[in-house]
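Comments concern the structure below.
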Amino acid sequence: MGIFELVCLECGQRHQGLTTRCRGGCTALLRSQYEERSFRPTQVPSLFRFLDWLPCRREAETTAGPVVFPCERFGRRLGLDRFHCAFSGYWPEKGALNPTGTFKDLEAAPTLQSLVEQGIREVLLASAGNTARAFAHAAQSFDVKVFVVVPEAMLNRMWLPSGAATGTVRLAVVKGSSDYSEAIRLSEEISARYGIHPEGGARNVARRDGLGTVMLEAARVLGRLPDHYFQAVGSGTGGIAAHEAALRLLGDKFRNGEPPPRLHLSQNAPFLPLFRAWKGETWEPPLDDRVFASVLANRNPPFAIRGGVADTLRASRGTMYAVTDQEAMAAGREFSELEGIDLEPAAAVAAASLIQAAASGEIRRDELVLLNVTGGGLDLLRRDFTCRVLEPDLRFDASTLSAFENIL
Ligand SMILES: *Cc1c(COP(=O)(O)O)cnc(C)c1O
């Protein structure tokens, strides 16, 4: 056995090397199984302190990493005695130095490192903004060319701290589109026709295990697993990853047979595909699908496949929340006033879901609660660096997607 294998969660087949689909044709996710079974974080000041449980052989040069600390003021407001945040944004005072301010930085670094180790020098992804920004930034340190497709309405998110070289990024926008299903369709087409390696989304194990470092960092800092884990989800990848990391820690007898943390996953109404599916209700995309936390607006999240969001919620005795724009904005404001940092809209959705849970008695005062602040400190990041928006190299018309070959 190498340092890891990927196990199909449907048929149990083992795969060597990084791949996103079971060779037996199963639709299930593949999960990494590491040779190293014990939890042995190192002193490395980034997420690579958990190299044993990342599908990479070597550490990469990066400042990306989660930071876990108590948030007493917000906790007191909620009536919680042991409330902690996992902060994956930019907040130097707390040691949080994610270069583009969200937990997408935790996905980009291990993904690009694993690609380089496989000799892959080009990667393609579609994104509503935060993923693209994280990969575009990370690309510079990895000598990997990153092709990004984003909806035009999200172009304003494609800023990078100046000084960042942009020679390794190619940006295409889909004109007149505001959610990213068109961008996904276009990127799939480009990948298929031109053989550019697709990043893989939720199927990308490097991405999931990178996000899983949030749970690992919590365990390292707290000395145990939290009872509850709160996060806002679009694809649900972060939630799946948190649960997988908890299982890995439990496998190390971290908590002697105690159950994994309960997952509390939230979405921004009216964009509620996962929330409705979990409740067993149908969901139609709303005509006006603009929501406060637009990064959460994913139309096709991996809900029902083996190892997906439904399995993860069941296995963690989890639950889901629907949060309105107003609730999210109010929670974000309150968090910011009490803790002194701005929240990315998706993180504000998660904070609002925590307020709901505290009010409904879903969590007890003495329980250890972890809020994944998936993005924050963007005001600070923009103050510390001058940021500039990337110029698109190509603009596609959503209605003439099929004709893109002539333009490329
Ligand atoms: C992408 C993103 C999410 C949602 O993550 P998924 O893994 O897609 O569920 C939450 N918060 C922020 C800030 C994000 O960028």
Side-chain angles (χ1 to χ4, degrees), residues 29 64 66 85-91 96 98-108 111 125-137 150 154 157-158 179-181 183-184 199-215 229-245 263-268 271-275 277-278 291-303 308-310 312-313 318 320-321 323 328 331-332 335 341-353 371-378 381:
L29 294 185
C85 278
F87 193 86
S88 309
Y90 181 80
W91 198 357
N98 289 286
T100 66
T102 80
F103 82 161
K104 297 301 195 297
D105 290 321
L106 309 179
E107 308 182 315
T111 297
L125 57 109
S127 160
N130 289 351
T131 307
R133 198 167 73 237
F135 275 77
H137 188 279
V150 298
M154 308 295 165
R157 293 236 189 81
M158 284 307 297
D179 85 88
Y180 74 121
S181 43
I184 290 172
E199 172 275 323
R203 295 188 169 279
N204 172 359
V205 167
R207 192 166 171 169
R208 298 215 305 280
D209 291 354
L211 292 179
T213 62
V214 170
M215 189 63 83
Y229 170 91
F230 283 78
Q231 195 208 300
V233 288
S235 68
T237 310
I240 297 168
H243 179 67
E244 290 179 323
L263 254 49
H264 300 257
L265 307 180
S266 44
Q267 295 209 287
N268 193 176
F271 214 101
L272 302 170
L274 288 169
F275 175 83
W278 177 243
V291 283
F292 176 55
S294 49
V295 292
L296 304 177
N298 182 318
R299 281 166 194 264
N300 297 301
F303 180 74
V309 174
T312 303
L313 283 168
M320 288 212 63
Y321 301 78
V323 167
F335 190 95
I341 194 80
D342 57 287
L343 297 187
E344 207 275 356
V349 166
S353 74
L371 171 68
N372 189 345
V373 177
T374 48
L378 293 167
L381 187 64

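When a ligand or atom number is given, it counts from 1 through the structure's own listing order.
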request  = Would you check the N or O atoms of L211, main chain and side chain alike, for any that come under 3.5 Å of an N or O of ligand 1?
outcome  =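 No: no nitrogen or oxygen of L211 is under 3.5 Å from one in ligand 1.
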Nearest-0.5 Å distance that lies between atom [atom1] in [X] and atom [atom2] in [Y]:
X	Y	atom1	atom2	answer
D342	Y90	CG	OH	12.0 Å
H137	N98	NE2	CG	10.5 Å
L263	Q231	CG	CD	8.0 Å

query = Of the protein's non-hydrogen atoms, which lies at the shortest distance from atom 15 (O) of ligand 1, and what is that distance?
reply = K104 NZ, 2.6 Å
note = Of all protein heavy atoms, the one nearest atom 8 (O) of ligand 1 is S235 OG, 2.7 Å
message = Side chain, backbone, both or neither: which applies to L296 and ligand 1 if a contact is any heavy-atom pair less than 4.0 Å apart?
response =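 For L296, the contact with ligand 1 is made by the side chain alone.
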Using a 4.0 Å cutoff against the non-hydrogen atoms of [X], which atoms of ligand 1 qualify?
X	result
A232	4 (C), 10 (C)
G238	7 (O)
T237	6 (P), 7 (O), 9 (O)

request  = May I ask you to check whether S127 and R157 show a side-chain donor-acceptor distance below 3.5 Å?
outcome  =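 R157 and S127 do not have a side-chain donor-acceptor pair below 3.5 Å.
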query = Do E344 and N130 have a side chain donor and acceptor closer than 3.5 Å?
reply = yes
query = Under 4.0 angstrom from ligand 1, any heavy atom of A347?
reply = no
